[in-house]
J.: 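Have a look at the structure that comes next, please.
For the numbers below, each heavy atom of this structure counts, side chains included, while hydrogens, waters and symmetry mates do not.
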2 protein chains.
Amino acid sequence: MQNGDQKLPGQPERQASKAAEATYKLAEQIGYLLRQANQRHVAIFTSRMNEKLTTTQWAALVKLRDLQPCSQVNLGRETAMDVATIKGVVDRLAKRNLIRTAPDTTDARRLVLTLTEEGEAAVARNLPVAHDISEETLSTLSPAERAMLAELLRKIS
Amino acid sequence: MQNGDQKLPGQPERQASKAAEATYKLAEQIGYLLRQANQRHVAIFTSRMNEKLTTTQWAALVKLRDLQPCSQVNLGRETAMDVATIKGVVDRLAKRNLIRTAPDTTDARRLVLTLTEEGEAAVARNLPVAHDISEETLSTLSPAERAMLAELLRKIS
DNA sequence: CTTTCTTGTTTTGTGTACAAATGATTTCAG
DNA sequence: CTGAAATCATTTGTACACAAAACAAGAAAG
């Protein structure tokens with residue numbers, strides 16, 4: 001019930017506080033803008049990607065095509081996924097026979113991942129779709145704006 | 001990148017995908033860039049926000065301060081959260097006594113939300129922190145770049 | 001007034017996302 | 001060679017995120 005917030009009398013207000021309170025608008029915050037933009041992209045992705053693939057599943061498949069054979073943790077690193085997250089993604093893709101998992105013969109810790117035939121086909125089949133999804137997400141921007149957005153996002157990552 | 005979309009059934013593989021296959025790099029896709037940038041922001045938020053508040057919980061609290069009294073669904077709309085998502089967020093905030101919920105006397109469907117004293121205090125106390133978090137997220141950008149990024153994100157939302 | 005439409009809430013189910021802890025294995029330093 | 005450190009995988013727990021369905025209550029139309 002109590003807030004440990006009381007200030008000593010006579011002590012000056014926190015300098016940043018007043019200004020921040022006056023200016024802080026949720027809809028202008030970078031976190032909110034990022035979340036909104038991402039939401040729209042995911043919505044486009046979901047409605048366009050015919051097979052039931054999520055953005056992260058697609059990322060894992062595409063990246064694995066380049067890296068295979070590849071350990072689970074390494075695929076996670078390359079797709080910016082936590083170990084627990086990549087495990088779930090891999091498990092679901094393996095259950096759908098898009099990915100094959102096998103123990104590494106030289107390093108017993110590792111789980112070696114490869115695309116199945118079906119997985120390779122799914123990637124090849126959906127590359128044009130994925131391209132169109134990126135295109136639609138950026139459809140309101142000029143080529144120069146697209147390049148600028150990509151650069152700015154990279155700069156804050 | 002042109003995929004002249006003639007999808008005749010029985011055609012084995014789309015040949016238009018050749019160009020896309022050659023160009024498609026995961027790390028350059030807008031979805032991946034958005035996800036990465038958002039991840040970094042959330043990491044900054046989590047490490048800086050002393051009280052255990054998430055980005056969405058913070059969004060709900062800040063927005064509710066402006067809108068209260070306000071129905072659950074409306075708060076969800078204003079913070080870009082799904083009905084199921086906002087319910088979870090509100091439930092957790094109510095359990096922590098930051099939000100008060102009460103049935104609407106004039107519309108029995110509605111759940112009226114208000115901030116508790118503690119909730120008001122938490123918002124006031126953390127506004128400077130939230131400001132600093134946005135600042136740190138954008139710290140690698142010039143003022144012009146920040147404005148540009150915000151505008152571009154809004155344009156694709 | 002009653003049928004229909006709309007709105008607000010809740011629940012279920014699936015899928016990220018990440019912190020933290022555990023255990024197994026490999027590598028490395030002394 | 002051996003103990004310490006690093007790496008890989010798994011598990012647990014919490015918290016979004018959203019589709020879809022179910023239900024109650026208000027509003028609109030006839």
J.: Can you tell me the distance, in whole Å, between the CZ atom of A:Arg110 and the C1' atom of D:dT10?
T.: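 Checked: the CZ to C1' distance equals 17 Å.
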J.: Give a yes/no answer on whether the side chain of A:Thr54 brings an N or O atom under 4.0 Å of OP1 or OP2 in C:dG15.
T.: no
J.: Can you check the A:Asp104 CG to D:dT7 P distance for me, whole Å?
T.: 17 Å
J.: Look at the side chain of A:Thr85 and decide which nucleotide, out of C:dA17, D:dA9, D:dT11, has an atom nearest to it.
T.: C:dA17
J.: Mapping B:Asp107 and B:Arg92 to their closest nucleotides on DNA chain D, which lands nearer the 5' end?
T.: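 That would be B:Arg92.
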J.: Output yes when at least one side-chain N/O atom of A:Gln39 is less than 4.0 Å from OP1 or OP2 of D:dC16, else no.
T.: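 For D:dC16, OP1/OP2 do not have a side-chain N/O of A:Gln39 under 4.0 Å.
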J.: Of the options C:dA19, D:dA9, D:dC8, whose atoms approach the side-chain atoms of A:Arg77 most closely?
T.: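 Closest nucleotide among those given: D:dC8.
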J.: In whole angstrom, give the distance that lies between atom CG of B:Asp82 and atom P of C:dG15.
T.: 17 Å
J.: B:Leu93 CG to D:dC16 C1': how many Å, rounded?
T.: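 Going from B:Leu93 (CG) to D:dC16 (C1'), I get 12 Å.
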J.: Is there a side-chain contact between B:Arg109 and B:Asp104, using heavy atoms and a 4.5 Å cut-off?
T.: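 With C-beta onward as the side chain, the pair stays apart.
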J.: In whole Å, what is the span from the CZ atom of A:Arg96 to the P atom of C:dT14?
T.: 13 Å
J.: What is the distance, rounded to the nearest whole Å, between atom CG of B:Asn38 and atom P of D:dC16?
T.: 13 Å
J.: Suppose we call a contact any N or O donor and acceptor under 3.5 Å apart; does that hold for the side chain of B:Arg109 and the base of C:dT9?
T.: no
J.: Indicate yes or no: does A:Asp107 engage A:Arg110 in a salt bridge with an N to O separation below 4.0 Å.
T.: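 Yes.
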J.: Whether A:Thr56 contacts C:dT16 is assessed here as follows: a side-chain N or O lying under 4.0 Å from the phosphate OP1 or OP2. Is that the case?
T.: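 Checking C:dT16 against A:Thr56, a side-chain N or O does come within under 4.0 Å of OP1 or OP2.
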J.: Tell me which nucleotide among C:dT16, D:dC16, D:dA20 gets nearest to the side chain of A:Gln57.
T.: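 The answer is C:dT16, which lies nearest to the side chain.
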J.: Hey, are A:Glu51 and A:Arg125 close enough for a salt bridge, meaning a charged N less than 4.0 Å from a carboxylate O?
T.: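 Salt bridge flag = yes for A:Arg125 with A:Glu51.
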J.: Out of C:dA19, C:dT10, C:dT16, which nucleotide sits closest to the side chain of A:Val89?
T.: C:dT16
J.: Does the side chain of A:Lys87 get closer than 4.0 angstrom to OP1 or OP2 of D:dA9 through an N or O atom?
T.: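 Checking D:dA9 against A:Lys87, no side-chain N or O comes under 4.0 Å of OP1 or OP2.
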J.: What is the minimum heavy-atom distance between B:Phe45 and B:Ile133, and which atoms define it?
T.: CD1-CD1, 3.7 Å
J.: Do B:Lys95 and B:Asp91 meet the salt-bridge criterion of a basic N to acidic O distance under 4.0 Å?
T.: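 No, no charged N to carboxylate O under 4.0 Å.
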J.: Specify the residue among B:Ser71 and A:Gly88 whose closest nucleotide of DNA chain C lies further upstream toward the 5′ end.
T.: B:Ser71
J.: Rounded off to whole Å, could you give me the CG-to-P distance for the B:Leu111 and D:dA25 pair?
T.: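 After rounding, the gap between these two atoms is 14 Å.
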J.: Check the distance between C:dG15's C1' and B:Arg35's CZ and give it to me in whole angstrom.
T.: 13 Å
J.: Would you classify A:Ala108 as touching base, sugar-phosphate or nothing, given that sugar-phosphate means primed atoms plus P, OP1 and OP2, and contacts are heavy atoms under 4.0 Å?
T.: sugar-phosphate
